[in-house]
**Student:** 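Would you mind keeping the following structure in view while I ask a few things?
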Amino acid sequence: MEKFTYNSKTAEVPSCLDEVSSEQYRQFLILSVLMNRGTISPGQFRVKWLSFLLGMKADYTMYRREIIRELDGQLEKLDGFFSYTTGKEGERIVTPILKTGRNLMQDFGGWHGVGDMLNGLTFGNFCDCLDLLQQSKQAAEKDDPAINEIFQDITLKLYRYKDPEKMPAVPSLLAIHAVNFFSAVWEMVLSGPVYISGEAIDFRILFQKLASEDRKADDKTGWTGIVFEVAASGVFGNKKEVDDTPFWDVLLYLYKCKFEYLHQKRNKK
């Protein structure tokens, strides 16, 4: 948390996305969308975001000059919400940080989703989301309008509406969140250890190419084949039962198999 002092008082606000409430997150997501569309500038984003966190009724730039100067001088305390890079022309690029393992929109307008770190997601839906995520990247490169439908499909893998018979169209804000949330957890799996029951598990060994092998280890594709291999082991049952198994259980099983394989390989050497 960060402390902001202004108008002879001090207020404490979140310093990064992992500290915000669900309500605060929704506002941050809305502002992110507005900035990406060019409706507001990065500077306006920070002003509006800080004003919201401080509970102000309007942007603080509408207040007295003394307050404006005080808060302008503390804007760097919001840097935990943004990443800053330099463009080809030397321009400063500001990007909102939307990656978190927390599901900050688990409940939204009658929709209920999986828990933090995708807890509750089945392995079948996990594989489907990976495929859809790849399709969304290809659609984005081609500026294909089909990307909106792909985002909705990912959302329907993570969320259920309270009354399936009266299910409305997927809210666009929820779809944007669902894709960011799934992408964030998947990135965590690929980039470093994930803590499960207090133990650090490095799933990266599932995707590394072994120097002594001619074939590549799974590189985020071929998940259908993996499902059949796991089903053949009988650990979780047939293919349908594997698809219905929590995806973390299947990943842990694959991790243990790969770990044991690497251990045996080292012992032989």
**Student:** Could you measure the distance from the CD1 atom of Ile147 to the CG atom of Leu132? Nearest 0.5 Å is fine.
**Tutor:**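 Those atoms lie 11.5 Å apart.
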**Student:** Going through the checks in order, is the side-chain contact (heavy atoms from CB on, under 4.5 Å) test met by Tyr195 and Met117?
**Tutor:** CA-CA 10 Å; Tyr195 286 88; Met117 293 299 292; over 6 Å; no
**Student:** Between Ser183 and Glu187, does any side-chain donor sit less than 3.5 Å from a side-chain acceptor?
**Tutor:**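 No - no donor-acceptor pair under 3.5 Å links their side chains.
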**Student:** Would you please test Val47 and Ser51 for side-chain contact (heavy atoms from CB on, under 4.5 Å) and show each step?
**Tutor:** CA-CA 6 Å; Val47 167; Ser51 301; 4.1 Å; yes
**Student:** Just wondering, do Met105 and Leu174 contact through their side chains at under 4.5 Å, heavy atoms?
**Tutor:**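 Side-chain contact under 4.5 Å: yes.
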**Student:** If you look at every heavy atom in Arg46 and Leu75, which pair is closest and at what distance?
**Tutor:**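 Arg46 and Leu75 have their closest heavy atoms at NH1-O, 3.6 Å.
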**Student:** Got more than 12 heavy atoms from elsewhere within 6.0 Å of CD, Glu199?
**Tutor:**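 Incorrect, the count does not exceed 12.
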**Student:** Work out which heavy atom in Asp107 is nearest to a heavy atom in His112; give both atom names and the distance.
**Tutor:**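 Between these two residues, the closest heavy atoms are OD1-ND1, 2.6 Å.
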**Student:** Between Asn103 (side chain only) and Val114 (backbone N and O only), is there a donor and an acceptor less than 3.5 Å apart?
**Tutor:**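 It does hold such a pair.
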**Student:** Under 6.0 Å from the CD atom of Gln106, do we count more than 12 heavy atoms belonging to anything else shown?
**Tutor:**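 Yes, because the 6.0 Å sphere around CD of Gln106 holds more than 12 heavy atoms from other groups.
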**Student:** State, without any angle test, whether Thr100 and Asp18 hold a side-chain donor-acceptor pair at a distance under 3.5 Å.
**Tutor:**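 Yes, Asp18 and Thr100 have a side-chain donor paired with an acceptor closer than 3.5 Å.
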**Student:** Glu66 side chain to Asn7 main-chain N or O, any donor-acceptor pair under 3.5 Å?
**Tutor:**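 Side chain of Glu66 to backbone of Asn7, a donor-acceptor pair under 3.5 Å: no, none is there.
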**Student:** Determine whether the aromatic ring centres of Phe123 and Phe247 lie less than 6.0 Å apart.
**Tutor:**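 Here the rings of Phe247 and Phe123 have centres that are no less than 6.0 Å from each other.
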**Student:** Less than 4.5 Å apart, any side-chain heavy atom of Leu156 and any of Val170?
**Tutor:**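 Yes, at least one pair of side-chain atoms sits under 4.5 Å.
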**Student:** Is a side-chain donor or acceptor of Asn180 paired with a backbone partner of Ile176 at a separation under 3.5 angstrom?
**Tutor:**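 At least one qualifying donor-acceptor pair exists.
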**Student:** Classify the ring geometry of Phe81 against Trp49: parallel below 30°, tilted from 30° to 60°, perpendicular beyond 60°.
**Tutor:**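 The arrangement is perpendicular - the two ring planes meet at more than 60°.
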**Student:** I'd like to know if the side chain of Tyr60 pairs up with that of Asp72 as donor and acceptor (distance under 3.5 Å, no hydrogens or angles considered).
**Tutor:**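 Yes.
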**Student:** Between CD1 of Ile67 and OG1 of Thr61, what distance do you get to the nearest 0.5 Å?
**Tutor:**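 The CD1 atom of Ile67 sits 11.5 Å away from the OG1 atom of Thr61.
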**Student:** So does Asp59 pair up with Lys48, basic N to acidic O under 4.0 Å?
**Tutor:**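 Counted as a salt bridge, because a side-chain N and a carboxylate O are separated by less than 4.0 Å.
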**Student:** Take Glu241 and Val230, measure what side-chain contact (heavy atoms from CB on, under 4.5 Å) needs, and give me the verdict at the end.
**Tutor:** CA-CA 10 Å; Glu241 291 170 322; Val230 175; over 6 Å; no
**Student:** How many angstroms lie between CZ in Phe259 and CG in Asp202, if you round to the nearest 0.5 Å?
**Tutor:**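 With rounding to 0.5 Å, CZ (Phe259) is 10.5 Å from CG (Asp202).
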**Student:** Enter the distance from Met167:CE to Arg160:CZ here, rounded to the nearest 0.5 Å.
**Tutor:**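 The distance works out to 9.0 Å.
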**Student:** Kindly determine whether Val94 and Phe45 satisfy side-chain contact (heavy atoms from CB on, under 4.5 Å), including the steps that lead there.
**Tutor:** CA-CA 10 Å; Val94 181; Phe45 188 138; over 6 Å; no
**Student:** Do Ile97 and Cys16 make a side-chain contact, defined as non-hydrogen atoms from C-beta onward lying under 4.5 Å apart?
**Tutor:**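 Not in contact.
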**Student:** With rounding to the nearest 0.5 Å, note down the distance linking OG in Ser8 to CD in Glu70.
**Tutor:**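 Between Ser8 OG and Glu70 CD, I get 7.0 Å after rounding to 0.5 Å.
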**Student:** Are Asp244 and Lys240 close enough, and set up right, to give a salt bridge (charged side-chain N to carboxylate O under 4.0 Å, His left out), and what steps lead you there?
**Tutor:** CA-CA 6 Å; Asp244 292 339; Lys240 183 182 183 305; 2.9 Å; yes
**Student:** When clusters are formed by joining ILVMFWY residues with side-chain heavy atoms under 4.5 Å apart, either directly or through shared neighbours, do Leu53 and Met1 land in the same one?
**Tutor:**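 Per the 4.5 Å side-chain linkage, Leu53 and Met1 are not co-clustered.
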**Student:** Which pairs would a plain distance check flag for residues 21-39, meaning a side-chain donor or acceptor within less than 3.5 Å of a matching protein atom at least two apart in sequence or in another chain?
**Tutor:**
from  : atom 1 : to     : atom 2 : distance (Å)
Ser21 : OG     : Gln24  : N      : 3.2
Ser21 : OG     : Gln24  : OE1    : 3.4
Ser22 : OG     : Leu104 : O      : 3.1
Gln24 : OE1    : Ser21  : N      : 2.9
Tyr25 : OH     : His177 : ND1    : 2.7
Ser32 : OG     : Phe28  : O      : 2.8
Asn36 : ND2    : Ser32  : O      : 3.2

**Student:** Suppose we screen for ring-ring contact (aromatic ring centres under 6.0 Å, His included). Which residues come up paired with Tyr161, at least two apart in sequence or across chains?
**Tutor:**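 ring-ring contact (aromatic ring centres under 6.0 Å, His included) check on Tyr161 returns Trp111.
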**Student:** Assess whether atom CG of Asp143 is packed by more than 12 heavy atoms of other residues, nucleotides or ligands within 6.0 Å.
**Tutor:**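 No, because the 6.0 Å sphere around CG of Asp143 holds 12 heavy atoms or fewer from other groups.
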**Student:** Same hydrophobic cluster for Val250 and Ile205, using side-chain heavy-atom links shorter than 4.5 Å among ILVMFWY?
**Tutor:**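 Yes; tracing contacts between hydrophobic side chains, which count when under 4.5 Å, links both residues.
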**Student:** Applying the 4.5 Å side-chain criterion to the ILVMFWY set and letting contacts propagate, would Ile40 and Ile93 be lumped into a single cluster?
**Tutor:**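 No, no single cluster joins them.
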**Student:** Can you measure from CE (Met188) to NZ (Lys99) and round to the nearest 0.5 angstrom?
**Tutor:**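 Separation between the atoms: 9.0 Å.
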**Student:** Is it the case that the side chains of Asn148 and Gln152 hold a donor-acceptor pair, with the cut-off being a distance below 3.5 Å and no angle test?
**Tutor:**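 Gln152 vs Asn148: no donor-acceptor pair found between side chains.
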**Student:** Between Phe82 and Pro96, which heavy-atom pair has the shortest distance, and what is it?
**Tutor:**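 So the two residues come closest at CD2-CA, 3.9 Å.
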**Student:** Answer yes or no: is there an ion pair linking Lys239 with Asp243, defined by an N-O contact shorter than 4.0 Å?
**Tutor:**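 Salt bridge present between Lys239 and Asp243.
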**Student:** Is there a side-chain contact between Thr245 and Thr122 in this structure, where contact means two heavy atoms from C-beta onward sitting under 4.5 Å apart?
**Tutor:**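 No - every pair of side-chain heavy atoms lies 4.5 Å or more apart.
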**Student:** Can you sort out the partners of Tyr253 under ring-ring contact (aromatic ring centres under 6.0 Å, His included), two or more places apart, ordered by chain and number?
**Tutor:**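 Testing Tyr253 for ring-ring contact (aromatic ring centres under 6.0 Å, His included), a comparison that skips the adjacent residues, returns Phe236.
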**Student:** Could you state whether Ile196 and Leu254 fall into the same hydrophobic cluster, counting links through intermediate Ile, Leu, Val, Met, Phe, Trp or Tyr residues with side-chain heavy atoms under 4.5 angstrom apart?
**Tutor:**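 Yes: a chain of side-chain contacts under 4.5 Å links Ile196 to Leu254.
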**Student:** Taking the six-membered ring for Trp and the single ring otherwise, decide whether the centroids of Phe203 and Trp248 are under 6.0 Å apart.
**Tutor:**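 Centroid separation for Phe203 and Trp248: below 6.0 Å.
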**Student:** Could you state whether Ile226 and Leu190 fall into the same hydrophobic cluster, counting links through intermediate Ile, Leu, Val, Met, Phe, Trp or Tyr residues with side-chain heavy atoms under 4.5 angstrom apart?
**Tutor:**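 Per the 4.5 Å side-chain linkage, Ile226 and Leu190 are co-clustered.
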**Student:** Taking all non-hydrogen atoms of both residues, which atom of Lys77 and which atom of Phe4 are closest, and how far apart?
**Tutor:**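 Between these two residues, the closest heavy atoms are CB-CZ, 3.5 Å.
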**Student:** Quick one: are Met56 and Tyr63 in side-chain contact, heavy atoms under 4.5 Å?
**Tutor:**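 Side-chain contact under 4.5 Å: yes.
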**Student:** Does Trp186 reach the side chain of Leu118, with side-chain heavy atoms less than 4.5 Å apart?
**Tutor:**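 Sidechains of Leu118 and Trp186: no contact.
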**Student:** Taking Lys142 first and then Asp144, would you say they form a salt bridge - that is, a charged N and a carboxylate O separated by under 4.0 Å?
**Tutor:**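 Judged by the 4.0 Å cut-off on N to carboxylate O distance, Lys142 and Asp144 do not form a salt bridge.
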**Student:** Looking at every heavy atom in both Pro193 and Arg204, which two are closest together, and how far apart are they?
**Tutor:**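 Pro193 and Arg204 have their closest heavy atoms at CD-NH2, 4.1 Å.
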**Student:** Mind listing the closest non-hydrogen atom pair of Ser15 and Glu2 along with its distance?
**Tutor:**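 Heavy atoms of Ser15 and Glu2 come nearest at CB-CG, 3.5 Å.
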